[in-house]
2 protein chains.
Amino acid sequence: MEASFAITPDIAAELAAELAAKLDMRLDPAAAAGEGAAVPLPEPDLHYLAARTALFSPGEDAGKVYEVTQGVLMITRLLPDGRRQILDIAGAGRVIGLTWSDAHDCAAIALRDSIVRRHDSNGSSAVALNAARFADALFGEVHRLRNLATALGRKTATERLAGFLLDLAGEDADPPVRIDLPVTRNEIADHLGLALETVSRTFSRLRRDGIMRIETSQKLTILDRAALRRLADGGPF
Amino acid sequence: MEASFAITPDIAAELAAELAAKLDMRLDPAAAAGEGAAVPLPEPDLHYLAARTALFSPGEDAGKVYEVTQGVLMITRLLPDGRRQILDIAGAGRVIGLTWSDAHDCAAIALRDSIVRRHDSNGSSAVALNAARFADALFGEVHRLRNLATALGRKTATERLAGFLLDLAGEDADPPVRIDLPVTRNEIADHLGLALETVSRTFSRLRRDGIMRIETSQKLTILDRAALRRLADGGPF
DNA sequence: CGGTACTTTGACCAAATTCAATCACTGTGG
DNA sequence: CCACAGTGATTGAATTTGGTCAAAGTACCG
């Protein structure tokens, strides 16, 4: 998609300056205080995360952006009394850690052993990454959160789970589609705003109805995608 | 916030090009097909919206960005069977209409007579606006949607309503704080993922408990903000 | 006034949660 | 190799929160 811009070079420069300032502030407040001169360009460094360890936690300085290279992370909010909302499940290719304020308002926790590529503010790679993916990552975030909020606010347990499974399956080949769940029943529950028992029961019904096969609790197969789609869209159970 | 950038001019230019392309695509697909030359700079035009009329609807071309100048709009998702999730309520100063794909995935509907400033893609004002507010608007959107999803997924009816009212009240002066609701009970319900009767009942209890005064159904006063805060945070009813 | 749209309240109902066992799978140590 | 924790999943029963249905009540507007 090579568009010719209806934006003058002057305006583009101005835009660049403002956005660069913004990105810079976002990415490394410290650097913003430094000189305006060019700096060395450290390569982005890879971080290895063991399953169930945190990449960042709420309150921590939101200075870095991460690109998931391998594995899966979840983005969670924790209420003071322990209730948890899993806001996102981010697999390879996803960019996470973008936050408005100076401090994270969420935790990012590896669901499996994972590798993330950390992009510091003062490397060219950060700029390249951000120019290429900054907007996409944010727009994607908004889009997914809108879907999630709609599901949480207005869909039944069955619709939520069916939709979740279809999302995981992607638009892949026809059934049978194999899914390797990166999450426990408890985590699905905390993502879909349900009790884990409800999730379990719903899985059981999907199995009884011949819509899914459940090899182990994490290894699933969609046998009847059309039926699952119907359930996700509010069809009768 | 005049930051000196740790980004070379070269990189900034590259960043500018990529982001300009992105913004341009986003803002006016038509213009993207035109020449790269400078274009006249039309001032942003104001649009007057009567209450209950739509600014844009799902599926429509997402070519423009709007800044709310006066009034209030709601951003809604509609499910095929009529269920509705109100994702956002945007008052003066807010920027809306930013969307990922080419088409809107939401509707924007005026709750009151409103005025929005439309920013076309090919005006300098659009660039200025976007450079200045683009990121903020998106980050704000993400932040609010995370809060909403957490509320919808993990909070009780009372917590949701109390939180909603506190949001509307802002961090203003001490009680009594007056609130002029821009929404009906039905709309509050569709925002908080509840039945309208549940909203009404919850209001009634807040009134009985001396936490709020309800002059008319839209004119409210918070009498005991601390108590409301406690309820919003999951305290006992 | 009379009508329409919105709100409140009550009685009942149902989806989902909670409580409580039981089961299945895994890894560990005897 | 098997017993036995330990963790997570499933299932059942009782409960609850919030939803649905129905009937007034109230405000607003021509």
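A quick note: this is a predicted structure, and the numbers were derived from the prediction, not measured. Within every chain, numbering begins at 1; the chains are lettered A, B, ... in the order of the sequence lines, protein sequences first and strands thereafter.
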Carboxylate-amine/guanidinium proximity below 4.0 Å for [X] and [Y]:
X: R94(A); Y: D88(A); answer: yes
X: E159(A); Y: R83(B); answer: yes
X: R146(B); Y: E141(A); answer: yes
X: E187(A); Y: R112(A); answer: no

At 4.0 Å (heavy atoms only), tell me whether [X] reaches a base, stays on the sugar-phosphate, or touches nothing.
X: S200(A); value: base
X: S217(B); value: sugar-phosphate
X: R207(A); value: sugar-phosphate
X: E187(B); value: nothing

Hey, mind stepping through Q218(A) and D180(A) against side chain to side chain contact (heavy atoms under 4.5 Å, CB included) and telling me if it holds? CA-CA 6 Å; Q218(A) 323 292 318; D180(A) 188 1; 4.2 Å; yes
Atom-pair distance ([atom1] on [X]; [atom2] on [N]), nearest Å:
X: I214(A); N: dC23(C); atom1: CD1; atom2: P; answer: 19 Å
X: Q218(A); N: dG8(D); atom1: CD; atom2: P; answer: 10 Å
X: L206(B); N: dT8(C); atom1: CG; atom2: P; answer: 11 Å
X: L181(A); N: dG8(D); atom1: CG; atom2: C1'; answer: 13 Å
X: R205(A); N: dT10(D); atom1: CZ; atom2: C1'; answer: 15 Å
X: I188(B); N: dC6(C); atom1: CD1; atom2: P; answer: 13 Å
X: R52(A); N: dT7(D); atom1: CZ; atom2: P; answer: 13 Å
X: F203(B); N: dT26(D); atom1: CZ; atom2: C1'; answer: 16 Å

A92(A): what forms a side-chain contact (heavy atoms from CB on, under 4.5 Å) with it, not counting sequence neighbours?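 Once residues adjacent in sequence are excluded, A92(A) has no partner under the side-chain contact (heavy atoms from CB on, under 4.5 Å) criterion.
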What closest approach, in Å, do [X] and [Y] show between heavy atoms, and which atom pair accounts for it?
X: A108(A); Y: I75(A); result: CB-CD1, 3.9 Å
X: A137(B); Y: L98(B); result: CB-CD1, 3.6 Å
X: A169(A); Y: R225(A); result: CB-NH2, 4.2 Å
X: A103(A); Y: G59(A); result: CB-O, 3.5 Å

Between R118(A) (side chain only) and Y66(A) (backbone N and O only), is there a donor and an acceptor less than 3.5 Å apart?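 Checked: no pair found.
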Dump the pairs, protein N or O against N or O of nucleotides 28-30 of chain D, anything under 3.5 Å, distances to one decimal.
none

Any luck finding a side-chain donor-acceptor pair between T221(A) and E215(A) under 3.5 Å?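 Yes.
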Atom pairs and distances, donor-acceptor, side-chain atoms in residues 189-205 of chain B, under 3.5 Å, two or more places apart:
unit_1	atom_1	unit_2	atom_2	d
D190(B)	OD1	R154(A)	NE	3.4
D190(B)	OD1	R154(A)	NH2	2.8
D190(B)	OD2	R84(B)	NE	2.7
D190(B)	OD2	R84(B)	NH2	2.9
H191(B)	ND1	I86(B)	O	2.6
T202(B)	OG1	T198(B)	O	2.6
S204(B)	OG	S200(B)	O	3.1
R205(B)	NH2	T158(B)	OG1	2.9

Check step by step if side chain to side chain contact (heavy atoms under 4.5 Å, CB included) holds for L148(A) and F164(A). CA-CA 10 Å; L148(A) 181 64; F164(A) 173 72; over 6 Å; no
No-H, no-angle donor-acceptor pair, R201(A) side chain to dG12(D) base, under 3.5 Å: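 When only heavy-atom distances are counted, R201(A) does reach the base of dG12(D) through a donor-acceptor pair under 3.5 Å.
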Under a 4.0 Å heavy-atom cut-off, which of [range] touch DNA chain C?
range: residues 78-89 of chain B; result: none
range: residues 190-198 of chain B; result: L196(B), E197(B)
range: residues 227-237 of chain B; result: none

Start at the 5' end of DNA chain D and walk down; is the nucleotide closest to N186(A) or to R154(A) reached first?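 By nearest-heavy-atom nucleotide position, the 5'-most residue is N186(A).
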Ignoring backbone atoms, establish whether T184(B) has a side-chain N or O less than 4.0 Å from OP1 or OP2 of dA5(C).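 The answer is no; no side-chain N or O of T184(B) sits under 4.0 Å from OP1 or OP2.
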Could you check whether the rings of F56(A) and H104(A) sit parallel, tilted or perpendicular, using 30° and 60° as the cut-offs?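 Because their plane-to-plane angle is under 30°, the rings of F56(A) and H104(A) count as parallel.
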